Student: 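First, the structure itself, so that you have it in front of you.
No hydrogens, no waters, no symmetry mates; every other heavy atom, side chains included, goes into these values. Bear in mind that the values here come from a model prediction, so they are computed numbers and not experimental data. A, B, ... follow the sequence lines: proteins, then strands. Residue 1 opens every chain.
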Amino acid sequence: MVHIKVLINCALPYANGPLHIGHIAGAYLGADVFARYNRLIGNQVLYVSGSDEYGTPITVRAEKEGKTPREIADRYYEEHLETFRNLNINFDIFMRTTWPEHSDNAQDFFLKLLNAGYIEKGTMIAPYCRKIGRFMPDRYIEGTCPYCHYPKARGDQCDNCGRTLDPQDLIDPKCILSGETPEFRETDHFFLRLDLLEDRLKEWISTRSFWKPNVVAYTQNFISGGLKRRPITRDIDWGVRIPLQGYETKRIYVWFEALIGYITGAKEYSKRIGNPDLWKEFYFDPEARNYYFIGKDNIPFHAIIWPAMLMGYGGFNLPYDIPANEYLTFKGQQFSKSRGIGYSVDDLLKAVPVDYLRYYVASILPETGDSDFSIEELVNTVNSDLIDKYGNLVYRVVSFIDKYDLKVEPVDVTRDEEFLYAIHSFQAFLDELSSVHIKKGLSIWLDLAIYANGFFNRSEPWKTVKIDRNRLNHDLYLSLKIIEILTAMAYPYIPASSERMWDLLGIPFRIDDSYNRLNEMHTFDVRRGSIPFVKLDLESVKTKLNN
RNA sequence: GGGGAUGUAGCUCAGCUAGGCAGAGCGCCUGGCUCAUAACCAGGUGGUCGUCGGUUCAAACCCGGCCAUCCCCA
């Protein structure tokens, strides 16, 4: 197998609220499975995410809570870090857009694009509060929605009817800080000339026919509507400074600067491990593949704006694939902490072991359409698939060996139909994962677990133990080999549990090496332990969730 | 208002790229088995493929309208 470099970038979560399970399903779990899979097959992986910490939603929140924006960002950075750690989602680096190194990178991009003519100066009309004496972000203006007449519509959007608005559209607009009616004045800003890159983007998208249809369709349509220049600076003070004199009161807008966080993360990781040029191998080697794991809300930024920025800068690899997921919903609605819909990850992890949660979410990952999360389904799926099919398979074989006090000797099973079937499943599994079909991979795994139970039944070791010890040894060894394959396949999804099973089976090398060594007829030093997976009880899970 | 999706068995979802006898897991029913966590295996039950129309010898799949839900609109 030819090994390649794989850069896995994962949407930077915005640091103004806790992560809920919808976020995890949208981007992070799939990315983690994919990263682990790539490492197992021997690819060199760089796995990056980080904390998006600038912008007006954070300043709005800070003002509401009487804190500084930095306090808000610090709090959620720590919280997100902890949540990912608890989920066993192990990025190589989780950067912060408030790092000074990130400002350097963002300013470098800004100047480079400015000098290349892809950023230009211009003016726009913005709300100016005379009482406060400065221009106000759109979100700081409230008024009546011109469409639905909801009285508390924001300057960027109406929460009642969902329409996108301009502050000037509002009837009777008011500054939320001062209560004054804002003036609309001209203000100088910088604009990204997406229009200049339209043709190159179109041509590039036409080479991405292997992407998910929804991503391609969305992107093509977006571009064919005609790209316009887009403002990339704002009149706020919480953001990356503009590296030019005369713009001290303005900042680079968060959507332009946050995307560069992927590069900051890769660079900082390279420095930390003492190989400062490592990141270049992922961004400049044309053989390296760059993946971006995001939710569907992020498609325009990653499929249009980010490639445009990279093209304008020049030399960087463009995204290889953007396997954007749809949404995980809760009873048909979007997860939302503020509206009390669904659960946060931390709440769920108090009630359910991490691998149970990873397993269930992976089994319903919204890869092709929205899918629905429920506690009842979680309990049911974990108990009947993960535990009854796989966990019980491991336990019944281990228990059998222990009960009759057997030592299973290696035999060559490489030509056995059942072994070949398992290897065939494993290959199909690799094919699916290489195409980022996370959910499909899991269903191939489950089918193989069912097949393995069928084989164990057919081989009737409880009969051969009394009449044919050679046959018994052969069949048990074959069962153990299939379990080994299953356990290796499960590792990207449920890493901690797989390692535990690996240990229980007494395989003489580490699970990290498993994908290269499935054909080895090694010994199994099987250890009987307690039941490997304890089943979930719906009522007690619910009780824990409600506390 | 414009755009991207989704709607298939009681439940959760595949199938649609390339039209050809409606699928899986769970649930439920029947049988088998005893190594195992009421587990496992085999067989069965179960659907007007959101809806109305069009194209076709043939439509879950292609085309158009409508309804419901999710997302985006810088």
Student: Salt bridge or not for A:Glu203 and A:Arg200, using N-O below 4.0 Å?
Tutor: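 No, this pair does not count.
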
Student: Of the options B:A5, B:U37, B:C35, whose atoms approach the side-chain atoms of A:Phe400 most closely?
Tutor: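 For the A:Phe400 side chain, the nearest candidate turns out to be B:C35.
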
Student: A:His437 has an atom NE2; how far is it from atom C1' of B:G15, in whole Å?
Tutor: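 Those two atoms, NE2 and C1', are 14 Å apart.
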
Student: Do any side-chain nitrogens or oxygens of A:Lys296 fall under 4.0 Å of OP1 or OP2 in B:C70?
Tutor: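 Answer no for this pair, as no side-chain N or O of A:Lys296 is under 4.0 Å from OP1 or OP2.
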
Student: Do the side chains of A:Arg471 and A:Glu460 get close enough for a salt bridge, i.e. N-O under 4.0 angstrom?
Tutor: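 Salt bridge between A:Arg471 and A:Glu460, a charged N being under 4.0 Å from a carboxylate O: no.
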
Student: Any carboxylate oxygen within less than 4.0 angstrom of a Lys/Arg side-chain nitrogen, looking at A:Asp431 and A:Lys440?
Tutor: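 No, no charged N to carboxylate O under 4.0 Å.
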
Student: Does B:C13 have OP1 or OP2 sitting under 4.0 Å from an N or O in the side chain of A:Lys440?
Tutor: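 No, outside the criterion.
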
Student: Determine, answering yes or no, if A:Trp462 is stacked on B:C35 under the 5.5 Å centre rule and the 30° plane rule.
Tutor: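 Answer is yes, a stack.
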
Student: Are any protein N/O atoms closer than 3.5 Å to N/O atoms in nucleotides 8-12 of chain B? If there are, list each pair with its distance.
Tutor:
residue	atom	partner	partner atom	Å
B:C11	O2'	A:Glu377	OE2	3.1

Student: Check for a donor-acceptor pair, side chain of A:Thr381 on one end and backbone N or O of A:Tyr360 on the other, with a separation under 3.5 Å.
Tutor: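 Not at all, since once roles are kept as given, no pair shorter than 3.5 Å links the two residues.
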
Student: Should the pair A:Arg527-A:Asp525 be classified as a salt bridge under the 4.0 Å nitrogen-to-oxygen rule?
Tutor: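 Salt bridge present between A:Arg527 and A:Asp525.
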
Student: Without decimals, in angstroms, what is the distance between A:Tyr327 OH and B:C70 C1'?
Tutor: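 Going from A:Tyr327 (OH) to B:C70 (C1'), I get 9 Å.
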
Student: Give the nucleotide from the list B:A14, B:U37, B:C40 with an atom nearest to the side chain of A:Lys389.
Tutor: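 Taking heavy atoms from C-beta onward, the closest nucleotide is B:C40.
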
Student: In terms of side-chain heavy atoms of A:Tyr395, which of B:U37, B:A74, B:C40 is nearest?
Tutor: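 The answer is B:U37.
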
Student: With sugar-phosphate meaning primed atoms plus P, OP1 and OP2, does A:Thr329 contact a base, only sugar-phosphate, or nothing at under 4.0 Å between heavy atoms?
Tutor: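 The answer is nothing, as A:Thr329 stays clear of every strand by at least 4.0 Å.
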
Student: Output the pairing pattern of RNA chain B as a dot-bracket string, 5' first, Watson-Crick or G-U wobble with both distances under 3.5 Å, | for cross-strand pairs, [ ] for crossing pairs.
Tutor: (((((((..((((......[..)))).(((((.......))))).....(((((..]....)))))))))))).

Student: What is the distance, to the nearest angstrom, from the CG atom on A:Leu538 to the P atom on B:G27?
Tutor: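 Between P of B:G27 and CG of A:Leu538: 14 Å.
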
Student: Looking at B:A74, I'd like to know if its phosphate oxygens (OP1 or OP2) sit under 4.0 Å from a side-chain N or O belonging to A:Lys228.
Tutor: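 So the side chain of A:Lys228 is outside the cut-off, no N or O lying under 4.0 Å from OP1 or OP2 of B:A74.
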
Student: Just by distance, with hydrogens left out, do A:Asp235 and A:His189 show a side-chain donor and acceptor under 3.5 Å apart?
Tutor: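 Result is yes, a qualifying pair exists.
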
Student: With sugar-phosphate meaning primed atoms plus P, OP1 and OP2, does A:Lys403 contact a base, only sugar-phosphate, or nothing at under 4.0 Å between heavy atoms?
Tutor: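 Sugar-phosphate, backbone atoms only, no base.
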
Student: May I ask you to verify if any side-chain N or O of A:Tyr404 is less than 4.0 angstrom from the OP1 or OP2 atom of B:C35?
Tutor: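 Yes, within the criterion.
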
Student: Would you mind telling me which of A:Thr233, A:Thr187, A:Asp237 makes a side chain to side chain donor-acceptor pair (under 3.5 Å) with A:Lys250?
Tutor: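 Checked A:Thr233, A:Thr187, A:Asp237 against A:Lys250; only one passes side chain to side chain donor-acceptor pair (under 3.5 Å): A:Thr187.
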
Student: Between A:Ser384 and B:G25, is there a contact of a side-chain N or O with OP1 or OP2 at under 4.0 Å?
Tutor: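 Checking B:G25 against A:Ser384, no side-chain N or O comes under 4.0 Å of OP1 or OP2.
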
Student: Side chains of A:Asp475 and A:Thr464: any donor to acceptor distance under 3.5 Å?
Tutor: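 Their side chains do not contain a donor-acceptor pair, so the 3.5 Å distance test is not met.
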
Student: Phosphate oxygens OP1/OP2 of B:G4: is one of them under 4.0 Å from a side-chain N or O of A:Asn221?
Tutor: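 Affirmative; the distance criterion is met.
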
Student: Take atom CG of A:Leu386 and atom C1' of B:U37, then tell me their distance rounded to the nearest Å.
Tutor: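 My rounded result for the distance is 12 Å.
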
Student: By nearest atom, which of the nucleotides B:A74, B:C41, B:U37 is closest to the A:Leu194 side chain?
Tutor: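 Of B:A74, B:C41, B:U37, B:A74 is nearest to the side chain of A:Leu194.
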
Student: Base, sugar-phosphate, or nothing for A:Asn453, non-hydrogen atoms under 4.0 angstrom?
Tutor: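 Sugar-phosphate, no base atom in range.
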
Student: Give the rounded distance in Å between these two atoms: CG of A:Asp297 and C1' of B:A74.
Tutor: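 From A:Asp297 CG to B:A74 C1': 13 Å.
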
Student: Hey, does A:Leu393 reach any base, or is it just sugar-phosphate, or nothing, if we go heavy atoms under 4.0 Å?
Tutor: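 Nothing, no heavy atom under 4.0 Å.
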
Student: Holding to ring pair (Phe, Tyr, Trp, His ring centres under 6.0 Å), I want the full list of residues that pass it with A:Phe256, two or more places apart in sequence or in another chain.
Tutor: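 Partners of A:Phe256 by the ring pair (Phe, Tyr, Trp, His ring centres under 6.0 Å) criterion come out as none, since no residue qualifies.
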
Student: Could you state the CZ-P distance from A:Phe222 to B:C72, rounded to the nearest angstrom?
Tutor: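 A:Phe222 atom CZ is separated from B:C72 atom P by 13 Å.
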
Student: So what does A:Phe301 hit on the nucleic acid, given a heavy-atom distance under 4.0 Å: a base, only sugar-phosphate, or nothing?
Tutor: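 Nothing: the residue A:Phe301, judged by heavy atoms under 4.0 Å, touches no strand.
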
Student: By nearest nucleotide on RNA chain B, pick out whichever of A:Gly226 and A:Glu367 is the more 5' one.
Tutor: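 With A:Gly226 and A:Glu367 compared, the 5'-side residue is A:Glu367.
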
Student: Can you tell me how far P of B:G2 sits from CG of A:Leu165, to the nearest Å?
Tutor: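 Distance, rounded to whole Å: 17 Å.
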
Student: Return whichever of A:Ile299 or A:Ile531 has its heavy-atom-nearest nucleotide of RNA chain B closer to the 5' end.
Tutor: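 Its nucleotide being nearer the 5' end, the pick is A:Ile299.
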
Student: Between A:Asn473 and A:Val411, is there a side-chain heavy-atom distance shorter than 4.5 Å?
Tutor: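 A side-chain contact exists here, since the closest heavy-atom pair is under 4.5 Å.
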
Student: Closest to the A:Asp385 side chain: B:C40, B:C70, B:G25?
Tutor: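 Looking only at heavy atoms from C-beta outward on A:Asp385, the closest nucleotide is B:G25.
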
Student: Touch check for A:Pro213, heavy atoms < 4.0 angstrom, all strands: base, sugar-phosphate only, or nothing?
Tutor: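 Counting heavy atoms under 4.0 Å across all strands, the contact made by A:Pro213 is with sugar-phosphate only.
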
Student: Looking at the side chain of A:Thr368, which of B:G4, B:C40, B:A14 is the nearest nucleotide?
Tutor: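 Minimum distance to the A:Thr368 side chain belongs to B:A14.
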
Student: Ignoring hydrogens and geometry beyond distance, is a side-chain donor-acceptor pair present between A:Ser498 and A:Tyr493 at under 3.5 Å?
Tutor: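 Looking only at side-chain atoms, A:Tyr493 and A:Ser498 do not form any donor-acceptor pair under 3.5 Å.
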
